[in-house]
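Each chain gets a letter, A, B and so on, in the order the sequences are listed, and its residues count up from 1.
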2 protein chains.
Amino acid sequence: MEEDVKEGTSDKYSLRGRVFSRLREDILNGKYDEGVELREIAIGEELGVSRTPVREAFRQLELEGLIKIIPNKGAYVVGISDKDVRDIYILRSRLEGLAARWAVDNITEEQMEEMEENVYLAKFHTEKGHNEQIFELDNRFHELLYEASGSKILEHQLKDYHQYVLRIRKKTLASAKRGTQSNLEHEAILEAIKNKNHDDAERLAHEHMINAYKNMLDNGLIKPE
Amino acid sequence: MEEDVKEGTSDKYSLRGRVFSRLREDILNGKYDEGVELREIAIGEELGVSRTPVREAFRQLELEGLIKIIPNKGAYVVGISDKDVRDIYILRSRLEGLAARWAVDNITEEQMEEMEENVYLAKFHTEKGHNEQIFELDNRFHELLYEASGSKILEHQLKDYHQYVLRIRKKTLASAKRGTQSNLEHEAILEAIKNKNHDDAERLAHEHMINAYKNMLDNGLIKPE
DNA sequence: GCCTGTATTATTGTATACAATTGCTCTGAC
DNA sequence: GTCAGAGCAATTGTATACAATAATACAGGC
């Protein structure tokens with residue numbers, strides 16, 4: 001998997017950036033269970049760095065909500081509950097709809113071209129069952145949508161949520177059926193944006209999230225409310 | 001004004017927490033203009049601490065989007081543009097609507113009582129023209145709404161935005177007319193929640209944000225698109 | 001005059017040393 | 001046996017020392 005998905009907030013060439021990316025990935029991938037205490041020295045030794053960059057990475061992870069730091073005590077991994085996932089998908093359904101609506105007016109030529117290429121390529125990899133590529137293309141499609149919205153605030157927010165549910169999304173797309181369906185939905189969103197149809201774009205992006213959420217429910221990846 | 005509005009992410013009794021809160025407040029209050037370079041040593045000397053807590057605070061501020069750190073170069077203040085404010089109000093209009101809808105089912109007895117007291121008290125202070133109290137009560141009303149939504153994710157998000165536009169909100173409420181109107185809108189939202197009317201609650205909270213936004217436009221606090 | 005390369009300086013990045021706090025264990029009184 | 005308190009060990013909080021990087025100024029060649 002790629003290492004540094006959220007560029008701009010962590011330079012991957014500094015020790016701190018590497019610690020941050022690594023811990024983030026490890027937490028999202030479930031290496032550390034909920035409630036586990038992360039010790040600065042232990043993490044530092046594992047990654048071959050001193051406490052300083054580890055501490056700085058901790059502060060960032062806390063603000064992302066991935067760990068909770070209790071002063072003078074320690075840093076503890078915060079899990080993502082099924083309720084959190086549900087909430088995020090509801091929020092995403094509304095905000096991605098807004099992003100698609102705004103993208104109609106703000107998408108650039110380059111973004112449109114990359115989005116078309118993305119959908120085209122995804123069709124190929126879905127047929128071949130290349131899960132890793134499907135995952136990456138899905139990631140990129142959504143990031144493109146966020147960037148195309150023309151709103152730094154909305155983009156930042158949606159990228160956050162997108163990363164947050166990374167673990168569960170990976171499982172979801174592994175199902176071939178959802179992969180195909182998801183790609184068709186991407187294509188429909190792209191068409192609506194191309195046709196300058198604000199309402200369709202918003203509605204389709206909204207439904208796309210709801211469908212992704214329902215798929216998780218159907219496959220038992222999360223429990224219903 | 002209160003100092004540490006965002007509890008849970010910064011303990012105000014550590015040096016780092018104090019640096020974080022202080023810089024956050026200074027940036028939001030406009031002490032540092034957009035693009036200003038913040039030097040670790042200078043900030044440290046100003047607050048009487050070493051570089052270590054300053055650096056940690058910087059990392060957090062970057063993640064909040066208040067400063068931008070360029071590796072090996074420096075930390076630069078990121079301003080809040082009129083467009084950012086506009087975007088946030090659009091997002092808030094949608095998310096506060098959602099919060100109000102969810103609050104119908106999740107608000108506790110205590111929260112409901114505090115909300116009623118809040119609206120009642122605000123009426124008094126509005127008549128008297130007590131701007132500081134009006135501001136605090138408005139703050140609290142919205143935080144209560146977020147907490148009552150029963151979603152940590154949504155609550156966290158809305159509190160962030162709420163803080164982010166702190167500076168401009170203070171100016172807005174200072175106008176007596178808006179203060180009165182705002183309080184009437186709070187009362188209407190409260191009634192809808194009490195009557196278990198999901199649609200009304202969402203619609204009214206949505207409109208409340210749109211009205212606040214329009215008021216800022218009318219008073220020339222931000223430029224239109 | 002202008003370009004280029006080098007030396008200098010200022011600033012950030014990292015490691016380490018020291019201080020403060022917490023939690024635990026052991027002891028002893030009852 | 002249980003509880004309270006002292007002392008110890010482990011961990012975090014902060015300061016400082018050192019390393020690496022980037023910007024600047026300046027000298028020399030053309």
Side-chain angles (χ1 to χ4, degrees), chain A residues 3-4 6-24 26-27 32-78, chain B residues 3-4 6-24 26-27 32-78:
Chain A
E3 180 197 347
D4 184 54
K6 199 181 170 192
E7 94 287 357
T9 60
S10 83
D11 57 307
K12 65 174 110 182
Y13 300 112
S14 70
L15 295 187
R16 175 196 50 77
R18 272 168 40 204
V19 174
F20 177 75
S21 299
R22 174 66 179 278
L23 283 176
R24 192 171 203 281
D26 284 348
I27 292 173
Y32 302 111
D33 289 331
E34 181 170 352
V36 165
E37 180 170 354
L38 300 179
R39 289 196 188 77
E40 296 172 355
I41 296 177
I43 300 292
E45 282 178 354
E46 193 179 328
L47 302 179
V49 301
S50 76
R51 286 175 56 213
T52 306
V54 174
R55 280 182 64 83
E56 295 185 2
F58 274 21
R59 299 300 169 194
Q60 298 183 292
L61 290 166
E62 182 184 31
L63 231 58
E64 290 218 321
L66 293 176
I67 66 175
K68 175 161 184 59
I69 296 176
I70 299 178
N72 284 310
K73 194 146 178 290
Y76 303 89
V77 174
V78 172
Chain B
E3 181 197 348
D4 185 53
K6 200 180 168 193
E7 93 287 356
T9 59
S10 83
D11 58 306
K12 65 175 111 179
Y13 299 110
S14 69
L15 295 187
R16 174 197 50 76
R18 273 167 40 204
V19 174
F20 178 74
S21 299
R22 173 68 180 277
L23 283 176
R24 191 172 201 280
D26 283 349
I27 292 173
Y32 302 111
D33 288 332
E34 181 170 352
V36 165
E37 180 169 354
L38 300 180
R39 288 196 188 77
E40 295 171 357
I41 296 177
I43 300 291
E45 283 178 353
E46 193 178 327
L47 302 179
V49 302
S50 75
R51 286 176 56 214
T52 307
V54 175
R55 280 181 64 81
E56 295 184 3
F58 274 20
R59 299 302 168 194
Q60 299 183 292
L61 290 166
E62 181 183 32
L63 231 58
E64 289 217 323
L66 293 177
I67 64 175
K68 175 162 184 59
I69 296 176
I70 299 177
N72 284 309
K73 193 146 178 290
Y76 303 87
V77 174
V78 173

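Closest heavy-atom contact between Ile67(A) and Ala75(A): CD1-CB, 4.1 Å. Here the shortest heavy-atom pairing between Arg24(A) and Leu66(A) reads CG-CD1, 3.8 Å. Considering all non-hydrogen atoms of both residues, Gln60(B) and Leu63(A) come closest at O-CD2, 3.2 Å. Taking both residues in full, the closest heavy atoms of Leu47(B) and Arg22(B) are given as CD2-NH1, 3.3 Å, listed atom of the first, atom of the second, then distance. The shortest heavy-atom contact between Glu34(B) and Val78(B) is CG-C, 4.5 Å.
With contacts defined as side-chain heavy-atom distances shorter than 4.5 Å, the pair Ile69(A)/Arg59(A) qualifies. A 4.5 Å side-chain heavy-atom check between Asp33(A) and Val77(A) finds every atom pair outside the cut-off.
An OP1 or OP2 oxygen of dT12(C) is reached within less than 4.0 angstrom by no side-chain nitrogen or oxygen of Arg39(B). Dashed line: the shortest gap from a side-chain N or O of Arg51(B) to OP1 or OP2 of dA10(C) is not under 4.0 Å.
Sequence order on DNA chain C of the closest nucleotides to Thr52(A) and Ile41(B) puts Ile41(B) first from the 5' end.
To the nearest 0.5 angstrom, Phe58(A) atom CZ is 10.5 Å from Arg39(A) atom CZ.
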For a side chain to side chain contact (heavy atoms under 4.5 Å, CB included) check, start with the C-alpha distance between Val49(A) and Val54(A), then their side-chain angles and the critical distance, and finish with the verdict.
CA-CA 8 Å; Val49(A) 301; Val54(A) 174; 3.8 Å; yes

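Straight-line distance from the CD1 atom of Ile43(B) to the P atom of dT11(C): 13 Å, rounded to whole Å. Whole-Å rounding puts the Leu15(A) CG to dC18(D) P distance at 19 Å. The CD1-P distance, from Ile70(B) to dT21(D), rounds to 17 Å in whole Å. dT16(C) atom P lies 16 Å from atom CZ of Arg55(B), rounded to whole Å. Regarding Glu62(A), its CD atom lies at a distance of 13 Å from the C1' atom of dT12(D), rounded to whole Å. Going from atom CD of Glu40(A) over to atom C1' of dA17(C) covers 15 Å, rounded to whole Å. Rounded to a whole Å, the CD atom of Glu45(A) is 12 Å from the P atom of dA15(C). Put simply, CZ on Phe20(A) is 15 Å from P on dG13(C), counting in whole angstrom units.
Across dG13(C), dA17(C), dA15(D), the shortest atom-to-atom separation from the side chain of Val49(B) is found for dA15(D). Out of dT14(D), dG13(C), dT14(C), the shortest distance to the side chain of Ser50(B) is found at dT14(D).
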Protein within reach of the bases, or only the backbone? For nucleotides 19-25 of chain C, mark each nucleotide 5' to 3' as B, S or -, using heavy atoms under 4.0 Å.
--SSS--

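Rounded to 10 degrees, the angle between the two end axes of the helix from dG1(C)-dC30(D) to dC30(C)-dG1(D) is 0°, with five pairs used at each end.
Using a 4.0 Å heavy-atom distance criterion, Leu38(A) is classed as a sugar-phosphate-only contact.
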